[in-house]
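Notes follow the structure.
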Amino acid sequence: MASGGLQLLGFVLAFMGWIGIIISTAMPQWKMASYAGDNIVTAQALYEGLWMSCAMQSTGQIQCKVYDSLLKLESSLQATRALMVAAILLGLVGLFVAVTGMKCMKCMEDDQVKKMRMAVFGGVIFIIAGLAALVATSWYGNRVARAFYDPFTPVNTRFEFGSALFIGWAAASLAILGGSFLCCSCPRRETSYPPTRGYPKNAPSTGKDYV
């Protein structure tokens with residue numbers, strides 16, 4: 001029962017992490033304009049994401065513009081996109097595989113060992129998906145931090161971490177943690193004992209015993 005509860009907890013955490021990765025990928029707030037300078041007065045907030053850039057006016061109106069050409073984007077942004085999309089697809093595969101191996105599901109009930117191995121395999125896929133999202137968000141955040149502290153970057157073009165980055169970090173951690181819990185449900189090998197040897201049976205008496 002304890003392993004079943006751990007397995008269910010791992011699946012819930014991994015599923016929440018996968019949903020968080022989708023939300024983080026779709027959000028435009030991967031980086032936001034910094035207003036750290038003393039002489040900066042602006043009536044709008046600027047955001048940039050993986051797919052679009054947005055400007056929010058002081059009146060609350062938001063205007064977004066999707067990036068026109070994929071080939072004109074920076075290679076690092078394209079790589080971040082690819083890693084996040086790969087994390088989403090891997091999480092989807094891991095979701096179906098882990099569901100098949102859950103103890104509460106009736107499929108593959110005739111072979112419990114294979115069923116538990118499916119749950120472990122799903123956990124491994126979730127870990128890989130979480131690592132892909134963690135690499136993508138950390139790489140993007142490192143670029144934002146380096147540009148912010150670069151003395152050659154104009155003050156009015158500096159950006160800070162957006163909320164999508166924090167959601168991505170939390171989601172990646174949940175996916176890795178949930179996948180690890182699923183891997184803990186690996187079936188233990190049963191100790192095999194050598195077959196017991198039977199005592200030799202007495203040969204039937206032929207009636208020709210000699211004294």
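No experiment lies behind these values; they were computed from the predicted model shown.
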Contact between Arg81 and Leu73 at the side-chain level, heavy atoms closer than 4.5 Å - yes or no? yes
Just so I know, are the side chains of Val120 and Met116 near enough to count as touching, which here means a heavy-atom distance under 4.5 Å? no
If you group Ile, Leu, Val, Met, Phe, Trp and Tyr by side-chain heavy-atom gaps below 4.5 Å, do Phe161 and Ile23 land in one group? yes
How long is the gap from SG on Cys64 to CE on Met52, to the nearest 0.5 Å? 5.5 Å
List the steps and the verdict of side-chain contact (heavy atoms from CB on, under 4.5 Å) for Lys31 and Tyr47. CA-CA 6 Å; Lys31 62 179 181 180; Tyr47 301 98; over 6 Å; no
Measure the OG-CG distance between Ser24 and Leu50 for me, rounded to the nearest 0.5 Å. 7.5 Å
Which atom names give the shortest non-hydrogen contact between Ala172 and Gly130, and what distance separates them? CB-O, 3.4 Å
Is there a side-chain contact between Pro28 and Trp51, using heavy atoms and a 4.5 Å cut-off? no
To the nearest 0.5 Å, atom CD of Glu48 lies from atom CE of Met32 at 12.0 Å
Quick check: is Tyr140 connected to Ile22 through a chain of hydrophobic side chains (ILVMFWY, heavy atoms under 4.5 Å apart)? yes
Minimum heavy-atom separation for Leu134 and Ser138, please, with both atom names. O-OG, 2.8 Å
Can you tell me how far apart CD1 (Ile167) and CG (Leu174) are? Round to the nearest 0.5 Å. 11.5 Å
Would you say Leu77 ends up clustered with Trp139 if hydrophobic residues are merged whenever their side chains have heavy atoms under 4.5 Å apart, either directly or through other cluster members? no
Minimum heavy-atom distance between Leu6 and Cys184, given as atom pair plus value: CD2-CB, 3.6 Å
Of the non-hydrogen atoms in Gly49 and Tyr67, which two are nearest, and what is the gap between them? O-OH, 3.0 Å
Pairwise distance CG(Leu92) to CD1(Ile21) - rounded to 0.5 angstrom: 12.0 Å
Test item: Gln63 and Cys54 side chains (from C-beta on) under 4.5 Å apart, heavy atoms: no
Set out, in order, the CA-CA distance, both residues' side-chain angles and the distance that settles side-chain contact (heavy atoms from CB on, under 4.5 Å) for Leu13 and Leu9, then state yes or no. CA-CA 6 Å; Leu13 291 177; Leu9 176 62; 4.1 Å; yes
So Ser53 and Leu46, do their side chains get closer than 4.5 Å, heavy atoms only? no
Sorted by chain and number, sequence neighbours left out, side chain to side chain donor-acceptor pair (under 3.5 Å) with Thr137 holds for Trp169
Shortest non-hydrogen contact from Ile127 to Cys183? CD1-SG, 4.0 Å
Heavy-atom side-chain contact between Phe126 and Ile176 under 4.5 Å: no
Leu90 versus Trp18: any side-chain heavy-atom pair under 4.5 Å? no
Between Glu160 and Val144, is there a side-chain heavy-atom distance shorter than 4.5 Å? no
Should Leu131 and Leu83 be regarded as members of a common hydrophobic cluster, given that ILVMFWY residues are connected when their side-chain heavy atoms come within less than 4.5 Å of each other, either directly or indirectly? no
Are Phe96 and Phe15 connected in the hydrophobic side-chain network, where two residues link if heavy atoms are under 4.5 Å apart? yes
What's the separation between atom CE in Met84 and atom CH2 in Trp30, rounded to the nearest 0.5 Å? 4.0 Å
